[in-house]
Protein chains: 2
Amino acid sequence: MAKKAPLPDSALELVARRFAVLAEPMRLRLIQSLFDGEKPVNALVEATGGTQANISRHLQTLTQAHLLSRRKEGLQVFYAIADPTLVPLCELVCGSLEKQLTKQAGVLKR
Amino acid sequence: MAKKAPLPDSALELVARRFAVLAEPMRLRLIQSLFDGEKPVNALVEATGGTQANISRHLQTLTQAHLLSRRKEGLQVFYAIADPTLVPLCELVCGSLEKQLTKQAGVLKR
DNA sequence: TTGATATATGAGCATATACTCATATACTTG
DNA sequence: CAAGTATATGAGTATATGCTCATATATCAA
């Protein structure tokens, strides 16, 4: 979806799907937790306060989207961040939201 | 959701909501169309092939999220991009998807 | 004021998706 | 092999959201 050449619908579908994968607080929690480094499922369950089943399902979604990687070690499965764009993506959105909230706060202060 | 200090749930909710707003092909089409510059609703309806009612609703969502701005001029309402992070956001996702598809294509070629 | 045009909005319907429960599957140890 | 542990998955339910239809609302000119 570059500013220059318009992307075809098929590409926009993929982009939308990427955003959809990230449009879930629990998944963002998992991603944030993995910014500290690779973790096994049980650690992610503890870190996020979700149920094991739910976390497992979200991890599946993120892995299928190639945002996370996974490796087995005995009984445990470790997940890690696989896509380097996750950091700047989140930073951009946080920056934008911060500006908005700051602007709104300014309006209320008057 | 910086890599350094973990964001509270309330912030992750906001971030997720931002991604959710972008997780819709029709909305991305509108955004892409507006990368060319400000446009009235009817032009956006033509550019995207959506119904007027549906486009209007999507525009409302994007405007309420402060991603678009709007101004009236007689019978017409003009919309424009209001958030500068939209361009880098889309570029990041496109870049990531391109890499993935290239990698997948490579795997298939073997 | 009426009629035409442009856009926004109420209401209803269909579908996707998140969450949970239960348990299947995989791995390890005695 | 049985039992225990860790994780994935099938199935069902509730809810959010996209889309459409109809029309309300806003604007303008005659």
Side-chain angles (χ1 to χ4, degrees), chain A residues 9-10 12-34 38-82, chain B residues 9-10 12-34 38-82:
Chain A
D9 276 7
S10 52
L12 294 182
E13 289 277 350
L14 291 175
V15 174
R17 242 189 272 166
R18 169 59 60 80
F19 283 127
V21 166
L22 298 168
E24 250 295 314
M26 184 56 83
R27 285 195 207 126
L28 293 178
R29 264 180 231 125
L30 288 168
I31 288 166
Q32 175 165 256
S33 198
L34 291 171
E38 184 185 65
K39 284 191 170 86
V41 177
N42 60 35
L44 291 169
V45 170
E46 281 192 35
T48 61
T51 63
Q52 180 270 316
N54 197 22
I55 299 301
S56 191
R57 192 82 72 177
H58 282 306
L59 289 170
Q60 183 185 54
T61 301
L62 290 166
T63 307
Q64 281 172 354
H66 303 290
L67 298 182
L68 300 187
S69 62
R70 98 198 272 276
R71 67 175 182 90
K72 267 191 190 176
E73 195 177 297
L75 283 177
Q76 300 200 297
V77 181
F78 288 78
Y79 287 86
I81 300 284
Chain B
D9 277 8
S10 52
L12 295 181
E13 290 277 348
L14 289 176
V15 174
R17 245 191 268 162
R18 169 58 61 81
F19 284 128
V21 166
L22 298 169
E24 249 298 312
M26 184 56 83
R27 289 196 203 123
L28 293 178
R29 266 181 231 123
L30 288 168
I31 288 165
Q32 178 167 254
S33 198
L34 291 171
E38 186 187 62
K39 285 193 168 87
V41 178
N42 60 35
L44 291 169
V45 171
E46 282 194 36
T48 61
T51 64
Q52 180 270 315
N54 197 20
I55 299 300
S56 191
R57 192 83 71 176
H58 282 307
L59 289 170
Q60 181 184 58
T61 302
L62 291 166
T63 306
Q64 281 173 356
H66 303 290
L67 298 182
L68 300 187
S69 63
R70 97 197 271 278
R71 70 178 179 87
K72 269 191 188 175
E73 194 176 297
L75 284 176
Q76 300 201 299
V77 181
F78 288 78
Y79 287 86
I81 300 284

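Bear in mind the structure is a predicted one, so any value in this text is a computation, not a measurement. Letters A, B, ... mirror the listed sequences (proteins, then strands); counts begin at 1.
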When rounded to whole Å, the CE to P distance for the pair A/Met26 and D/dA16 reads 17 Å

Minimum heavy-atom separation for A/Leu44 to A/Leu30, with atom names? CB-CD2, 3.8 Å

With the criterion being N/O to N/O and under 3.5 Å, what pairs connect the protein with nucleotides 24-29 of chain C, and how long is each?
from: C/dA26; atom 1: O3'; to: A/Lys72; atom 2: NZ; distance (Å): 3.2

Residue B/Tyr79, side-chain atoms from C-beta onward, closest of D/dT20, C/dA8, D/dG18: C/dA8

If you take all heavy atoms of A/Ala82 and A/Ser69, which pair is closest and at what distance? CB-N, 3.7 Å

Non-hydrogen side-chain atoms of B/Leu62 and B/Arg27 separated by less than 4.5 Å: yes

Atom-pair distance (CG on B/Asn42; C1' on C/dA8), nearest Å: 14 Å

Using a 4.5 Å cut-off on heavy atoms from C-beta on, say whether the side chain of B/Met26 contacts that of A/Leu12. no

Report which part of the nucleic acid A/Phe78 touches: base, sugar-phosphate, or nothing (heavy-atom distance under 4.0 Å, all strands). nothing

Atom CD of A/Gln64 and atom P of D/dA8: how far apart are they, to the nearest Å? 11 Å

Taking all heavy atoms of A/Leu22 and all of B/Phe19, pick out the closest pair and write down the distance. O-CD1, 3.4 Å

Let me spell it out: for each of A/His58 and B/Gln76, pick the nucleotide of DNA chain C with the closest heavy atom. Which residue's pick is nearer the 5' end? B/Gln76

Shortest non-hydrogen contact from A/Ile55 to A/Thr48? CD1-OG1, 3.2 Å

Distance check needed: C/dA6 P versus B/Arg71 CZ, whole Å only. 16 Å

Which of D/dT7, C/dA6, D/dT20 is nearest the side chain of A/Pro40? It is D/dT7

Rounded to whole Å, please give me the gap between CZ in A/Arg27 and C1' in C/dC19. 12 Å

For B/Glu46, all residues meeting salt bridge (Lys or Arg N to Asp or Glu O under 4.0 Å), sequence neighbours excluded: none

Would you mind reading off the distance between B/Leu44 atom CG and C/dA6 atom C1', rounded to a whole angstrom? 13 Å

C/dA8 phosphate, OP1 or OP2: any side-chain N/O from B/Arg70 under 4.0 angstrom? yes

Protein-nucleic acid N or O pairs under 3.5 Å, nucleotides 9-12 of chain D:
from: D/dT9; atom 1: OP2; to: A/Gln60; atom 2: NE2; distance (Å): 2.5
from: D/dG10; atom 1: N7; to: A/Arg57; atom 2: NH2; distance (Å): 3.1
from: D/dG10; atom 1: O6; to: A/Arg57; atom 2: NH2; distance (Å): 3.0
from: D/dA11; atom 1: N6; to: A/Arg57; atom 2: NH2; distance (Å): 3.1

Between P on D/dA6 and NZ on A/Lys39, what's the gap in Å once rounded to a whole number? 18 Å

C/dT7 P sits how many Å from B/Leu30 CG, rounded? 13 Å

Of all heavy-atom pairs between A/Ser33 and A/Lys39, which one has the smallest distance, and what is that distance? O-NZ, 2.6 Å

Thinking salt bridges, do A/Glu38 and A/Arg71 make one under a 4.0 Å N-O criterion? yes

